[in-house]
Amino acid sequence: MMFNNFLVMLQNRWPEIMIGTWEHIQLTLVALFIGNLIALPLGILLTRKRKLADTVIGITSVFQTIPSLALLGFMIPFFGIGFGPAIVALSIYALLPILRNTYTGILGVNQAVVDAGTGMGMTSRQVLFMIEIPLALPIIMAGIRTATVMVIGVATLAALVGAGGLGDIIFRGIAMARQDLILAGAIPAALLSMIFDYILKRIEIAVQP
């Protein structure tokens, strides 16, 4: 009976689910773009300024411990409601896995390989882009994939600040005590996590030297 109700609900609310899914994808992509834009260069910089690494990563870890709902609420006085506060909060949540894995991955590159590149006359920039980053890529990509799954999950709460997404459907289902509505939001969110993770895995394989 419940399965039949779920199928009928899917048919009736398909446009709404598609709109929520598209909004969820937009939130995820923008937050990940900003997170990568900040965390990747910062992680590389910290490998050159190791004395600052513990402090910077520690500060980023503190933001990660703030409950996602509270962090969204903190953003409202500064950015109002809607897309803005959700993007800022989601970008903050994306930082730690990318930053830590970038830093750890590059530091984990065999120093003998780095020395060999330097001995061949490579500049520090060439060593970074031709040796360190390619060899650290699996670890860096693991951080990006972790951040992606986290952002997709937390993005369901963005509906509470008026940013839309699949969270709208989930919270409507909770308010109406309708499991079919909850599933209509939760299942696409889970599928998005799996699809994004698979795409990033294929990218990692394609670019890995």
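With contacts defined as side-chain heavy-atom distances shorter than 4.5 Å, the pair Tyr93/Ser68 qualifies. Side chains of Thr156 and His24 form a contact here, defined as non-hydrogen atoms less than 4.5 Å apart. Between Ile87 and Phe33, the closest side-chain pair of non-hydrogen atoms is not below 4.5 Å. Counting heavy atoms from C-beta on, the side chains of Ile133 and Ile44 come closer than 4.5 Å. Contact check for Leu96 versus Phe63: no side-chain heavy atoms found under the 4.5 Å cut-off. Lys201 has its side chain out of reach of Met141: every pair of non-hydrogen atoms, C-beta onward, lies at least 4.5 Å apart.
Atoms CD1 and CG, on Ile38 and Leu42 in that order, are 8.5 Å from each other to the nearest 0.5 Å. Taken from CG in Asp115 to CD1 in Ile131, the straight-line distance is 9.5 Å, to the nearest 0.5 Å. One finds the CD1 atom of Ile98 at 6.5 Å from the CG atom of Leu32 (value rounded to the nearest 0.5 Å). One distance of note links CZ of Arg50 with CG of Leu45; it measures 12.5 Å at 0.5 Å rounding. With rounding to the nearest 0.5 angstrom, the CD1 atom of Ile106 is 10.0 Å from the CG atom of Leu137. Atom CG in Leu128 sits 11.5 Å away from atom CE in Met122 (nearest 0.5 Å).
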Steps toward side chain to side chain contact (heavy atoms under 4.5 Å, CB included) verdict (Arg145, Ile203)
CA-CA 11 Å; Arg145 289 166 64 182; Ile203 293 174; over 6 Å; no

Evaluate the criterion side chain to side chain contact (heavy atoms under 4.5 Å, CB included) for residue pair Leu72 and Ile76; output intermediate values, then yes/no.
CA-CA 7 Å; Leu72 285 165; Ile76 293 176; over 6 Å; no

Could you walk me through whether Leu46 and Ile57 satisfy the side chain to side chain contact (heavy atoms under 4.5 Å, CB included) test, starting with their C-alpha distance in whole Å, then the side-chain angles of each, then the deciding distance to 0.1 Å, before giving a yes or no?
CA-CA 9 Å; Leu46 291 179; Ile57 294 176; 4.2 Å; yes

Verdict with supporting geometry, Ile25 and Phe196, side chain to side chain contact (heavy atoms under 4.5 Å, CB included)
CA-CA 10 Å; Ile25 291 173; Phe196 271 69; 4.2 Å; yes

How far apart are the C-alpha atoms of Arg100 and Thr60, what are their side-chain angles, what is the distance that settles it, and do they pass the side-chain hydrogen bond (donor to acceptor under 3.5 Å, both in side chains) test?
CA-CA 9 Å; Arg100 178 175 287 166; Thr60 311; over 6 Å; no

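Within the structure, salt bridge (charged side-chain N to carboxylate O under 4.0 Å, His left out) pairs that include any residue of residues 155-172 comprise Glu16-Arg172 (at least two apart or interchain).
Follow the hydrophobic side-chain contacts under 4.5 Å out from Met75 and you never reach Leu157; the two are in separate clusters. Leu107 and Leu99 end up in the same hydrophobic cluster when Ile, Leu, Val, Met, Phe, Trp and Tyr side chains are linked at under 4.5 Å. In this structure, Val161 is not a member of the same hydrophobic cluster as Phe74, with clusters built from ILVMFWY side-chain heavy atoms closer than 4.5 Å. Hydrophobic clustering places Met150 together with Val88 (ILVMFWY residues linked when any side-chain heavy atoms are closer than 4.5 Å, directly or through intermediates). Hydrophobic clustering of Ile, Leu, Val, Met, Phe, Trp and Tyr side chains at less than 4.5 Å, counting indirect connections, keeps Val149 apart from Leu95.
No more than 12 heavy atoms of other residues, nucleotides or ligands shown are found within 6.0 angstrom of CD1 on Ile81.
The two atoms that bring Ile152 and Ser193 nearest to each other are CG2-OG, 3.4 Å, heavy atoms only. In this structure, Gly167 and Ala159 approach most closely via the heavy-atom pair C-CB, 3.5 Å. For the pair Gln64 and Ile92, the tightest heavy-atom approach, listed with the atom from each and the gap, is OE1-O, 4.2 Å. Across Ala158 and Leu27, no two heavy atoms sit closer than the pair CB-CD1, 4.0 Å. Listed here is the closest heavy atom pair of Gly143 and Pro97: O-CB, 3.5 Å. In this structure, Pro138 and Pro134 approach most closely via the heavy-atom pair CD-O, 4.1 Å.
Checked against Thr28 for a side-chain contact (heavy atoms from CB on, under 4.5 Å), the options Leu90, Leu192, Val154, Val151 give a single hit: Val151. Partner of Ile169 under the side-chain contact (heavy atoms from CB on, under 4.5 Å) criterion, chosen from Ile174, Leu181, Leu183, Thr21: Leu181.
In this structure, the side chain of Thr65 engages the main chain of Val62 through a donor-acceptor pair within 3.5 Å. A donor-acceptor distance shorter than 3.5 angstrom exists from the side chain of Gln126 to the backbone of Thr123, with no hydrogens or angles considered. In this structure, the side chain of Tyr103 does not engage the main chain of Ala53 through any donor-acceptor pair within 3.5 Å.
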